[in-house]
Amino acid sequence: MSTISESPHRAGPREWLGLAVLALPTLLLSIDVSVLHLAVPHISEGLNPSASEMLWIIDIYGFMIAGFLVAMGTLGDRIGRRKLLLIGAAAFGVASVAAAYASDPAMLIATRAALGIAGATLMPSTLALISNMFRDPKQRGVAIAVWVTMFSVGIALGPVVGGAMLEIFWWGSVFLLGVPIMALLLVAAPALLPEYRDTNAGRLDLTSVALSLAAILPVVYGLKEVAKDGLALLPVLILVAGLLAGAVFVRRQSTLTNPLLDLGLFRNRSFCTALVTLLLSMLVAGGTYLFVTQYLQLVAGLSPMKAGLYLLPAAFALIVTSVLSPVAASKIRPAYVVAVGLVVSALGHVMLSLTDSSTGVAQVVTGFALVYAGGGPLIALGTDIIVGSAPPEQAGSASAISETSTELGMALGVAALGSVGTAVYRSEVNTPPNVSEGAAQVAGDTLAGAADVAKELPVEVAAALLGSARDAFTSGMNVIGAIGALVAVGTAVLVAAVIKAPDTGADEEPSGDAALSVAPESKHAL
């Protein structure tokens, strides 16, 4: 390996073909998240897991991705981002086959965990390679917008493709989707993707890796458990333990010559502002998605399939704004494009805050589409700002921080806003006097519980209970909408005020101490 200092250049056909290759794992991971939920009834029938085992089958994948993102992003900076991508793709393909043919719940949980670890290698590697291949700011913005768009495409295609496969094949077929995609990646990547690594990064500090896992995994797990069961003692203790491990991790990074995570990245105001904005926006999105999906099914009475179709306008809105954002950013300061998008999201949240329980389907669908449409510029340009603010040799680490922020934001949103909405529901729901104490307690806990209780009640009593429960749930969603609007407006002002530069500074040539290593066979592609 030879070390060279790169200057900005415009990407050619090979880089754009390479982007198509990098889009494959992005598309797959977003499809994989959505199809699993469709497969849950089929998995229950085929493997007969307990309730606890089913929760682990669903959650372990996200836990592993969140826990290993930082470590894998930094590992890619050290051993080579293309190499890590290929290792992760091979592991993902093997784990997909094992998951498809799992013979019992324990095996499926283990293979889902392996899929999560492999998935954690894919996302920071793809994003870091994009930042290295597209050094021109405008081209990089378009490339990242394409990368973001593939998430939306996967979300839109997941229910359709997964539903069709479950109609024809067995539950394990949904996991086999990854095999041909990863096989194509393994064949095409060596020819189309250049290799990048930081030759001055030093050895990987395994103690820091262990501390990062000890911090992130308990925090994500604790947040999910709090969202599900409230402020129980054990989840809170696990959450606190994760935060303490995080404090030790941060302290250790400040003392290492070659840290796992360079805390100097956080001294860049654009980097921090984009990161905080992304975190808060994902927090709001997580809570909003939780309540909108339940509203469509439990308040409006739509089937899961119809509810999914009603969510498609939001997915397509995100696709459109993600693609158009770099075009707008070439004429208007990127920070202003992001800020305008956040204002659009605020309008969508306002619509959700004004929805009622009887005539709100069109208003909820429109408001949710505006929330997603306004989020497109932030995800596309905000990710570009985060990655572009970092030196090229730390692109993997910056990409991992961006992805971790997204994961934590979603988990926080479900936990925090889910708790707020549930508290509103419990304070407003009224059960008819002739409902038993035990049934009233179940109905007063969640809307889903009220719907189950109503099935056993006389028609008039059931109607009274469901009417009150739906109104109370909608009130909770109204509060979530109001919080979302405030967060969107606040972050819009923050982005417009702080991120002043028209570009992210990614064009600056790396210094001699931070030289970027490019594989000999890759130089002609640069």
Evaluate the side-chain proximity of S96 to L115: yes if any heavy-atom separation is below 4.5 Å, no if none is.
yes

Separation between SG (C272) and CG (L494), nearest 0.5 Å, reads 10.5 Å

Spacing of CD1 belonging to I480 relative to CG belonging to L417, to within rounding of 0.5 Å
4.5 Å

Do T422 and R426 come close enough that some side-chain heavy atom pair is under 4.5 Å?
yes

M72 vs I117 side-chain heavy atoms within contact, under 4.5 Å
yes

Step by step, work out the side-chain contact (heavy atoms from CB on, under 4.5 Å) result for S208 and F249.
CA-CA 6 Å; S208 293; F249 172 81; 4.1 Å; yes

Would you say Q253 and L256 make side-chain contact, with heavy atoms under 4.5 Å?
yes

Scanning both residues in full, the closest heavy-atom pair of A485 with V350 reads CB-CG2, 3.9 Å

Do R112 and F175 touch side chain to side chain, with heavy atoms closer than 4.5 Å?
yes

Can you name the closest pair of heavy atoms from P313 and V365 and give their distance?
CG-CG1, 4.2 Å

Check V364 against T355 and note the closest heavy-atom contact, atom names and distance.
CG2-CG2, 3.5 Å

Interatomic spacing from CD1 in I65 to OG1 in T121 - rounded to 0.5 Å:
9.5 Å

Hey, does the side chain of S468 reach the backbone of A464 with a donor-acceptor pair shorter than 3.5 angstrom?
no

Just how far is it from atom CG of D356 to atom CD of Q363, taken to the nearest 0.5 Å?
7.0 Å

Steps toward side-chain contact (heavy atoms from CB on, under 4.5 Å) verdict (L296, L311):
CA-CA 9 Å; L296 293 175; L311 295 175; 3.9 Å; yes

Short side-chain to backbone donor-acceptor contact, S353 and N478, under 3.5 Å:
no

Which value, rounded to the nearest 0.5 Å, describes the distance between T288 atom OG1 and F368 atom CZ?
7.0 Å

L298 versus R470: any side-chain heavy-atom pair under 4.5 Å?
no

Please tell me if the side chains of L108 and I43 come closer than 4.5 Å, counting only heavy atoms from C-beta onward.
yes

Closest heavy-atom pair and its distance - Y372, T321
O-OG1, 4.2 Å

Is the backbone N or O of L278 less than 3.5 Å from a side-chain atom of S281, with the two atoms forming a donor-acceptor pair by type?
no

Between P25 and T126, the two heavy atoms sitting closest are CG-CG2, 3.6 Å

Between L217 and M64, the two heavy atoms sitting closest are CD2-CE, 3.9 Å

CZ/R81 to CG/L75 distance, rounded to the nearest 0.5 angstrom?
11.5 Å

Are F291 and F473 an aromatic pair, judged by ring center distance below 6.0 Å?
yes

Let me see the working for Q441 and T431 under side-chain contact (heavy atoms from CB on, under 4.5 Å), right down to the final yes or no.
CA-CA 9 Å; Q441 185 175 0; T431 55; over 6 Å; no

Do L122 and L85 have side chains that approach each other closer than 4.5 Å (heavy atoms only, starting at C-beta)?
yes

